[in-house]
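Have a look at the structure below, then the notes.
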Amino acid sequence: MTYYPGAPHGGDLHTVSLNQNGWLPKGSAVLFGNNAHAYADLNDNAQADSNEEVGPTGQQGYRFFVGAYAPGGRAV
């Protein structure tokens with residue numbers, strides 16, 4: 001079982017493959033797989049408009065900073 005940093009049982013920051021377990025097709029241009037579709041929904045219309053899709057961050061795929069955030073989405 002994997003725990004996140006700060007979890008009651010501890011945990012360390014690490015890389016997770018979204019392709020390995022079939023969550024995301026290899027080479028996917030957006031975060032849309034067999035279990036979920038992640039998008040920004042900036043205009044609150046509950047649809048993934050083209051400017052709201054989350055694309056890869058480069059050749060390494062989808063890599064994002066993990067940090068603490070306060071309510072409202074501001075970094076702590």
Side-chain angles (χ1 to χ4, degrees):
M1 181 171 282
T2 301
Y3 295 102
Y4 56 90
H9 297 289
D12 296 312
L13 187 63
H14 62 280
T15 301
V16 174
S17 171
L18 299 177
N19 308 110
Q20 186 175 13
N21 293 320
W23 296 326
L24 192 65
K26 188 171 179 71
S28 181
V30 296
L31 285 176
F32 180 73
N34 61 339
N35 294 306
H37 185 184
Y39 57 96
D41 200 14
L42 301 171
N43 59 6
D44 197 26
N45 68 350
Q47 296 180 27
D49 298 318
S50 62
N51 66 324
E52 298 172 329
E53 293 286 2
V54 178
T57 57
Q59 288 188 330
Q60 294 289 326
Y62 295 85
R63 290 179 176 247
F64 300 97
F65 171 75
V66 176
Y69 290 87
R74 290 198 164 82
V76 177

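Please read all numbers here as calculations on a predicted model, not as lab measurements. These values consider heavy atoms only, across backbone and side chains, with no hydrogens, waters or symmetry-generated copies. Residue indices begin at 1 and follow the sequence shown.
With sequence neighbours excluded, the residues forming a side chain to side chain donor-acceptor pair (under 3.5 Å) with N45 are D49, listed by chain and number. Take N19 and apply the side-chain contact (heavy atoms from CB on, under 4.5 Å) test, not counting sequence neighbours, and it matches S17, L24, K26. Annotation: side-chain contact (heavy atoms from CB on, under 4.5 Å) contacts of D44 (sequence neighbours excluded): D41. Residues forming a side-chain contact (heavy atoms from CB on, under 4.5 Å) with A40 (at least two apart in sequence, or on another chain): L42, E52. For S50, the side-chain contact (heavy atoms from CB on, under 4.5 Å) test picks out no residue, with sequence neighbours left out.
E53 approaches A38 most closely through the heavy-atom pair OE1-O, 4.2 Å. Closest non-hydrogen pair, G33 versus P25, comes out as CA-CD, 4.2 Å.
For the pair T57/Y62, no side-chain contact is recorded, criterion being any heavy-atom separation below 4.5 Å from C-beta on.
The hydrophobic cluster containing V30 does not contain L18, counting ILVMFWY residues as joined when their side-chain heavy atoms lie under 4.5 angstrom apart, directly or transitively.
Applying the ring-ring contact (aromatic ring centres under 6.0 Å, His included) rule to pairs touching residues 33-54 yields F32-H37, H37-Y39, sequence neighbours excluded.
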